[in-house]
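All remarks here apply to the structure that follows.
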4 protein chains.
Amino acid sequence: MLRIGLLGAGRIGRVHAQAIAAHSQSQLCAVSDAIPDAAESLAAEQGATARDSMEIIADPSIDAVLIATPTDTHSGLIEAATRAGKAVLCEKPVDLNLERALACQSVAAETGQPVMVGFNRRFDPSFSTLKSAADRGEIGTPEMLSITSFDPAPPPVSYIKVSGGLFRDMMIHDFDMANYLMGQLPEQILAVGTSIVDPDIGRAGDVDTAVVTMTYENGQIAVIKNSRRAAYGYDQRIEVLGSGGLLQVHNILENAVVKSTADGVTGAKPTYFFLERYMPAYRAEWDAFVQAVQSGSAMPVTLKDGVAALAMAEAATRSAQTGKPVAMTDVLKPVAK
Amino acid sequence: MLRIGLLGAGRIGRVHAQAIAAHSQSQLCAVSDAIPDAAESLAAEQGATARDSMEIIADPSIDAVLIATPTDTHSGLIEAATRAGKAVLCEKPVDLNLERALACQSVAAETGQPVMVGFNRRFDPSFSTLKSAADRGEIGTPEMLSITSFDPAPPPVSYIKVSGGLFRDMMIHDFDMANYLMGQLPEQILAVGTSIVDPDIGRAGDVDTAVVTMTYENGQIAVIKNSRRAAYGYDQRIEVLGSGGLLQVHNILENAVVKSTADGVTGAKPTYFFLERYMPAYRAEWDAFVQAVQSGSAMPVTLKDGVAALAMAEAATRSAQTGKPVAMTDVLKPVAK
Amino acid sequence: MLRIGLLGAGRIGRVHAQAIAAHSQSQLCAVSDAIPDAAESLAAEQGATARDSMEIIADPSIDAVLIATPTDTHSGLIEAATRAGKAVLCEKPVDLNLERALACQSVAAETGQPVMVGFNRRFDPSFSTLKSAADRGEIGTPEMLSITSFDPAPPPVSYIKVSGGLFRDMMIHDFDMANYLMGQLPEQILAVGTSIVDPDIGRAGDVDTAVVTMTYENGQIAVIKNSRRAAYGYDQRIEVLGSGGLLQVHNILENAVVKSTADGVTGAKPTYFFLERYMPAYRAEWDAFVQAVQSGSAMPVTLKDGVAALAMAEAATRSAQTGKPVAMTDVLKPVAK
Amino acid sequence: MLRIGLLGAGRIGRVHAQAIAAHSQSQLCAVSDAIPDAAESLAAEQGATARDSMEIIADPSIDAVLIATPTDTHSGLIEAATRAGKAVLCEKPVDLNLERALACQSVAAETGQPVMVGFNRRFDPSFSTLKSAADRGEIGTPEMLSITSFDPAPPPVSYIKVSGGLFRDMMIHDFDMANYLMGQLPEQILAVGTSIVDPDIGRAGDVDTAVVTMTYENGQIAVIKNSRRAAYGYDQRIEVLGSGGLLQVHNILENAVVKSTADGVTGAKPTYFFLERYMPAYRAEWDAFVQAVQSGSAMPVTLKDGVAALAMAEAATRSAQTGKPVAMTDVLKPVAK
């Protein structure tokens with residue numbers, strides 16, 4: 001039984017709390033939050049104790065911490081927790097600053113503690129089924145990857161301002177998905193972005209609609225399309241064209257009802273947002289973490305994976321700003337020196 | 001080049017005229033109709049001559065006649081045409097009266113002339129693909145057949161009164177489809193019917209909504225569902241459950257557009273009615289007839305098939321009236337004596 | 001917090017145990033089973049106590065019992081539990097014997113205790129969405145109901161022998177679904193059944209493939225198709241044709257992956273069986289029970305509903321054996337006298 | 001009745017010959033081809049005369065010519081035919097050379113004769129339905145357009161060498177579709193292309209897999225994906241994300257059969273290639289041309305449209321070669337001076 005400290009009792013922290021509680025091999029022991037009431041309330045519901053983050057990290061009876069705090073605290077908490085000998089599952093992104101994330105990666109590596117980054121979509125049953133089918137060669141050699149990833153509605157501009165921008169905040173999931181499915185980093189990234197959904201997002205210096213094209217050493221191409229708004233719900237589709245065919249993941253619908261009338265044939269919309277769409281993925285993610293910690297095997301998503309996705313977001317941000325392609329080596333070299 | 005006389009220049013006659021004209025091996029030479037203007041007009045359009053039916057049948061330069069006249073003239077015209085040495089394609093049903101149809105079958109058989117009955121659905125590309133897949137054993141041994149066949153809107157009650165009733169007029173297509181797919185006649189037929197769509201249809205002595213269950217010697221079951229009204233268009237679906245799986249034919253849609261909004265995900269309706277749905281089948285039917293006549297091979301749908309479907313309609317009509325199952329032998333024996 | 005005793009620790013008992021444990025307003029306190037080890041093991045997992053059924057029923061600290069024991073014990077346990085003042089949720093069917101079930105209904109009614117029968121499919125999100133849409137008149141007046149309900153594979157013949165037969169054991173769910181959707185009992189039931197899937201099932205006196213046609217006072221028709229085997233998984237589809245359109249519930253698929261190759265376009269199969277397909281329904285069913293008990297409102301599925309479905313199974317069994325339609329009054333009158 | 005001369009009796013010429021013959025307001029009178037036998041044979045089939053192209057153009061009894069000759073003859077024939085007072089329907093592309101195409105556009109404009117370019121996809125019933133729905137505002141303001149356009153198999157490398165390259169030969173259809181749907185030209189074009197399908201295509205200086213991103217003045221984005229190979233058939237999908245929803249055109253399938261077995265649920269593949277997929281579009285295109293000529297109204301696709309698509313292909317070719325975005329003004333200005 002793994003004894004868990006949860007850092008962060010916000011919306012996503014609560015999702016993780018449920019997954020921790022529902023798992024037969026993990027027990028939620030302590031909860032922290034910058035807002036003490038939030039920690040108290042979640043701790044009470046789950047039979048855990050509300051404590052300070054550093055106290056939880058220092059407690060030798062805690063085996064692992066799950067970091068679901070604001071992004072700017074991630075790197076520091078990962079470093080503290082790994083130095084304290086904890087296994088860590090940290091929400092994405094590792095940091096908004098690539099240099100800081102790389103520094104954190106070095107510290108964690110020195111401690112030898114296992115750190116997993118919360119790219120939950122890798123654990124979605126449909127995406128992992130697609131990955132397995134592609135890896136088995138069911139469509140021959142993959143040639144072109146397309147990811148469609150639209151949120152149902154944009155967040156408040158106040159959030160946009162501190163989010164690090166669409167590429168670091170939203171598309172980072174899709175960058176990681178591309179790395180997961182392609183098994184390699186792209187050579188070059190080309191991004192275009194506009195703020196057609198909400199001009200205020202543009203005034204805040206961000207984009208709300210973006211297309212990124214990535215090219216790979218062996219001639220493969222990947223395209224990621226993001227929009228902050230899809231009136232019909234959370235649109236999460238993937239397709240891979242290979243030499244022998246096409247693999248697609250369609251949207252998950254709210255229900256299986258179809259109505260045919262003089263107006264047409266109408267089915268349900270996609271599930272509304274990430275909590276509905278990816279709840280099974282959050283459960284599977286936690287199970288994968290618990291199993292990796294208990295067996296001592298490699299983390300299924302590493303801190304390196306988290307840094308790689310961040311570097312791609314950095315490249316895309318620069319490309320969108322300059323209108324020019326950005327080589328991944330140009331992003332990684334300067335910080336790696 | 002087959003020289004064709006078309007008897008009947010109504011809606012379905014015009015469909016056939018197009019198929020005849022479009023075929024490289026057939027030529028529409030003469031057209032007849034009880035309404036001379038109808039014959040004249042169609043003949044003019046197609047570069048043919050308007051003539052009397054009996055004159056066409058008697059003309060030795062005509063190789064084959066296509067009978068698309070009112071049902072009560074079918075048997076007589078089949079007899080006259082086969083006696084005159086013509087090959088015949090006759091629209092369904094052969095007759096509304098089973099005894100009359102059997103008599104016609106005898107006459108035609110004596111002449112040795114080939115007669116095909118116009119069960120056009122056998123030539124629908126999707127239905128014939130299903131049939132081939134089932135015959136190849138792709139779902140093992142068929143066990144249960146289900147046919148859904150709904151018209152978009154009921155015909156006028158004036159038509160209902162002379163139609164012979166839903167089982168002989170509408171479901172006869174589905175009876176033939178069952179025979180085509182099952183390769184045998186049922187042992188017993190159980191029908192229920194109501195006039196829930198339009199009470200006037202009930203007052204006219206007919207039903208507008210019916211379900212027929214048929215059982216076969218080897219334990220197979222077939223279900224046919226008919227309604228005279230489907231607000232969303234012509235609903236034509238078939239499925240066969242076999243020991244190894246399920247084969248289905250879905251509806252053909254008006255187009256491939258799908259709209260997703262806050263109200264749901266809406267696609268096109270099924271094609272509106274039989275002309276839209278089965279136009280390729282009419283073409284393929286005509287081609288099959290021409291090929292069979294030219295090669296001297298067996299007709300793909302025989303007069304016997306037409307009589308069999310009529311006998312099933314007779315059995316269903318009786319069952320719906322009495323509330324009791326009717327054995328096919330009880331329908332065929334008395335008339336066969 | 002509702003304190004619950006679970007009678008029966010078999011497969012379905014375990015499903016209910018999870019639902020009870022996961023619900024914030026219920027607590028699993030005691031478990032019984034004819035096999036003491038089964039009760040012990042489940043009780044240990046859930047932090048409950050293994051006890052004798054009658055002891056649980058007699059315990060005043062237990063608020064409600066969930067009966068998931070073999071069918072032949074249902075009526076007796078319902079009677080005992082309601083007499084002891086418990087609220088009851090009992091798995092279907094109430095009994096295999098219609099007279100016994102009616103007697104049980106009388107006893108329970110006298111106690112005034114709430115009894116719910118576990119027709120879990122009413123709580124399936126897609127089926128209840130269809131029901132709501134039909135009730136709102138989205139397809140006008142319902143005219144024809146079709147239920148397709150195929151199991152993935154037949155149970156052992158040993159189970160078949162004690163099951164009460166396909167109509168009481170399997171189609172009873174569909175009878176209840178028809179009652180739920182149509183809001184009334186049929187007037188008459190017509191059943192045909194064969195044992196084409198497995199002749200041994202026929203030799204055991206049962207059928208494995210059946211079609212039931214039901215007619216209603218106002219001219220509506222319902223068709224239920226059952227097969228004990230669908231090679232592609234659990235096939236659970238419903239459609240309602242109304243004066244204004246069609247409502248359908250399609251199958252729930254294992255995942256959202258689609259593969260297109262030279263061999264065709266292949267998607268996932270339906271979820272394998274009832275545990276996968278109806279897990280959300282079991283959760284919702286339990287929640288509905290807890291809410292009804294706590295609020296004192298009417299049970300969403302009553303003992304009377306359970307008896308009605310059983311009476312329909314009785315009628316279908318007789319119809320399949322005699323080949324004749326059976327009026328519901330003929331089934332209910334003799335036992336009701 | 002429009003008297004038509006068909007220049008070019010190859011594969012696509014034969015498709016047009018059928019459309020001309022099937023139309024009630026047009027008559028195929030003359031056919032030319034560089035290979036006299038090809039012209040003779042098609043003319044014989046259609047009851048037309050085989051003649052020299054220039055003779056046909058000079059014949060005052062011919063009302064319009066349809067140009068389906070090799071691309072390098074298009075501009076010259078358009079000029080000759082319009083100077084001879086003919087209405088013209090010319091296959092795409094206008095020319096491989098943008099300056100030549102612009103010169104041709106000037107000549108044709110001076111004659112005042114109507115010229116239509118054969119972008120047949122605009123007449124596809126599904127694409128035009130999508131266009132109408134978007135124009136009616138059914139999904140609000142369009143924000144992002146995505147076109148997926150994959151051929152089933154690459155042409156021979158010998159063809160590739162004279163094709164003008166993927167952007168001018170294949171994607172030109174998609175450029176026109178983007179112009180049709182967006183109602184404006186992009187500001188800037190970004191292309192990446194590789195030869196991952198067949199290295200010989202790369203050695204011939206072309207790409208076989210490409211992604212083009214286009215940005216518009218008002219912040220809209222369009223993405224076009226092309227591949228010369230899709231093992232499952234001709235993949236022709238479009239989607240438009242708008243402020244109020246999503247419009248999609250799915251693939252047209254070979255038939256409506258679906259098979260469910262233990263291996264999954266398999267439907268038909270997309271229709272194989274453009275002749276199967278776009279036959280109705282060729283018919284509708286011809287009808288639109290005939291109607292425009294007869295009514296004297298504006299051509300539904302103009303020579304200017306043909307030149308615009310060519311300019312976009314030019315921009316994409318440059319972008320793919322340089323790795324940099326190309327502004328449409330940079331492509332059009334130098335040639336427009």
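Chain naming here is simple, since letters A, B, ... match the order of the sequence lines and numbering starts at 1 in each. The figures here come from the full heavy-atom set of this structure, side chains too, leaving out hydrogens, waters and symmetry mates.
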Part of B/N226 within contact of chain C (heavy atom distance under 4.5 Å) | backbone
Select one option (side chain, backbone, both, neither) describing which atoms of B/I221 are under 4.5 Å from chain C's heavy atoms.
-> side chain
Listed by residue number, which members of residues 273-281 of chain C have a heavy atom under 4.5 Å from any heavy atom of chain B?
->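 Hits under 4.5 Å: none found.
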Answer yes or no: is there a side-chain heavy-atom contact under 4.5 Å between B/I196 and C/Q220?
-> yes
Which residues in [range] have any heavy atom closer than 4.5 Å to a heavy atom of chain C?
range                       : answer
residues 169-191 of chain B : B/L190
residues 237-245 of chain B : B/R237, B/E239, B/L241, B/S243, B/G244, B/G245
residues 131-160 of chain B : B/P142, B/E143, B/M144, B/S146, B/F150

For B/P325 against C/G323, the heavy-atom pair lying closest together |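 Of all heavy-atom pairs spanning B/P325 and C/G323, the closest is CG-O, 2.9 Å.
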Chain B interface, residue from C/G219, C/S227, C/G193, C/A231 that has the most non-hydrogen pairs under 4.5 Å | C/G219
Name the region of C/T213, side chain, backbone, both or neither, that has any atom closer than 4.5 Å to a heavy atom of chain B.
-> side chain
Toward chain B, the part of C/V223 with a non-hydrogen atom under 4.5 Å |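 For C/V223, the side chain is the part near chain B, not the backbone.
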